[in-house]
There are 2 protein chains.
Amino acid sequence: MKPTKISEAVVRRLPIYLRYLNELSLSDVQTVSSQDLGEKLDLNPAQIRKDLAYFGEFGRKGVGYNVGYLIEKIRQILKLDRPLHVALVGTGNLGRALCNYNMYLKDNMKITSVFDADPSKEGVVINNLTVEPMSRLPQTVKEKEISIGIITVPAAEAQNVADRFVEAGVRAILNFAPTVIRTPEGVRIHHADFTSELLSLAYYMNHEEALDERNE
Amino acid sequence: MKPTKISEAVVRRLPIYLRYLNELSLSDVQTVSSQDLGEKLDLNPAQIRKDLAYFGEFGRKGVGYNVGYLIEKIRQILKLDRPLHVALVGTGNLGRALCNYNMYLKDNMKITSVFDADPSKEGVVINNLTVEPMSRLPQTVKEKEISIGIITVPAAEAQNVADRFVEAGVRAILNFAPTVIRTPEGVRIHHADFTSELLSLAYYMNHEEALDERNE
DNA sequence: TAGATTGTTAATCGATTAACAATC
DNA sequence: TAGATTGTTAATCGATTAACAATC
């Protein structure tokens, strides 16, 4: 009914909505308006209504959105209404840290397998997960129906790991290595590059002074 | 001379350019074209030229960009030509992992101080950094001239830590906690929320099937 | 000179915001 | 009913891309 192409920006906001709705739900809040959401999440209310309206009519005019119902709907949209399995490659400090975030994901998404190219890591247990060798990746991805991959290896190896994920049939990859990697059409790649993020923040040091020279 | 307002999207790409240029420099590549950069970084060459042209004329027509010169210029634009000090609050798994990224930052940016609200963490040494109590934050920020803050505490405490950073005079914050936090005008806040990122990837599972029903 | 590539303008594309009729 | 708030259209704003004259 709604064959419109949904933009990436919209999809990225959905988990933000979901997270806050879950909070409201825990506080037994029944109803929320786009106004409320906008204030809390620092977004324009019209944008929120528009985002949601891409997927259906979830609100009631004059009333707002039912929190529980909207949670259910967003979970459906994001395909979080059934289990989603994630594999992580690279058990350095960052990789090990992310393994401990399973609880935060809840929502049916879970890191279920961990790999490392270093043979000496094989068998190490991290947060209930046993490190597997890279040779097992294709088999494990199939057996555990893993659809998402996380890359936490050094930059030099990131593209190679991505390629292996793609061969194994993974549909989406989140890359933490500080390098641009490419995937074929149909395999989603997102970059979570904390070093670039920090460097870009440097730009805003004192630039305000130049711009706001006369802001009084 | 160029009073144009630079968009955030442009600023975010500069570190990406810089990183690849550094690689080229290590391989003794002298010159690079926007074409080359675009292919490697998966960006439109016109966009790259436009991004750079906001800040000056760094290239030579018919030739391209001198790698060393462009590195120097981008470092100047990003204010990486003088030391920038970063403080991190929250020494959980993620915080400790990020402390080990100092080497990747190089470029004059460095995590120089680490804090934790848990008194039992005081004095613990992480990657040559001694954990300080939160009470020391204002003083240390001043003394060490810290301008950027990293937040790796649980979501419930993130806003509070941000407020403390702001009071102490920090100009920009990178928040890893899975929650939206607000800062006053003039203090830059970026969110590096890995859980939202993962949840949004879920959206792309099989959506292609619906769209590409007939792609052959 | 001929070929290559920049810097920049104009065209396109897409995303955000404002406004308001519909309606709870 | 009066007040509130949605869903949606239209207006605005901004970012990306194409195109090309300038020029190395």
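Below, chains carry the letters A, B, ... as their sequence lines are ordered, and counting in each starts from 1.
- Side chains of N22(B) and S25(B): no donor on one and acceptor on the other come within 3.5 Å.
- Atom pair Y69(B):OH and dT6(C):C1' shows a separation of 14 Å (rounding to whole Å applied).
- R49(A) and S34(A) share a side-chain donor-acceptor pair at under 3.5 Å.
- There is no side-chain donor-acceptor pair under 3.5 Å between S196(B) and R12(A).
- Side-chain N/O atoms of Y65(A) include none lying less than 4.0 angstrom from OP1 or OP2 on dC24(C).
- Atoms CG (L37(B)) and C1' (dA4(C)) sit 15 Å apart, rounded to a whole Å.
- Under the Watson-Crick or G-U wobble criterion, with both distances below 3.5 Å, dC13(C) is paired with dG14(D).
- In this structure, the CD atom of E57(B) is 10 Å from the C1' atom of dT8(C), given to the nearest Å.
- Using a 3.5 Å distance cut-off with no hydrogens or angles, the side chains of D51(B) and Q47(B) do not pair a donor with an acceptor.
- Remark: aromatic rings of F194(A) and Y101(B) are close, center separation under 6.0 Å.
- Rounded to an integer number of Å, the gap from CZ of R60(B) to C1' of dA22(D) is 14 Å.
- Residues H190(B) and E197(A) bring a donor and an acceptor atom of their side chains to less than 3.5 Å of each other.
- Rounded to whole angstrom, the span from the CD atom of Q35(B) across to the C1' atom of dG7(C) amounts to 16 Å.
- One interatomic measurement links the two molecules: NZ of K61(B) to C1' of dC24(D), which rounds to 9 Å at whole-angstrom precision.
- With salt bridges taken as basic N to acidic carboxylate O contacts below 4.0 Å, none links E8(B) and R13(B).
- What separates CZ of F58(B) from C1' of dG7(C) is a distance of 12 Å, to the nearest Å.
- Under 3.5 Å, the side chains of D116(A) and T91(A) contain a donor-acceptor pair of N or O atoms.
- Of all heavy-atom pairs spanning V141(A) and A168(A), the tightest one is CG1-O, 3.4 Å.
- Atom CG in N66(B) sits about 14 Å away from atom C1' in dC24(D), given to the nearest Å.
- Interface residues of residues 22-30 of chain B facing DNA chain D, ordered by number: none; criterion, heavy-atom separation under 4.0 Å.
- Pair check for dC24(C) finds dG3(D); Watson-Crick or G-U wobble, both atom distances under 3.5 Å.
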Find every protein N or O atom lying less than 3.5 Å from an N or O atom of nucleotides 14-19 of chain C, and list the pairs.
residue	atom	partner	partner atom	Å
dT16(C)	OP1	R13(A)	NH1	3.1
dT16(C)	OP2	R13(A)	NH2	3.2
dT16(C)	OP2	Q47(A)	NE2	3.3
dT16(C)	O5'	Q47(A)	NE2	2.9
dA18(C)	OP2	N44(A)	ND2	3.4
dA19(C)	N6	R49(A)	NH2	3.2

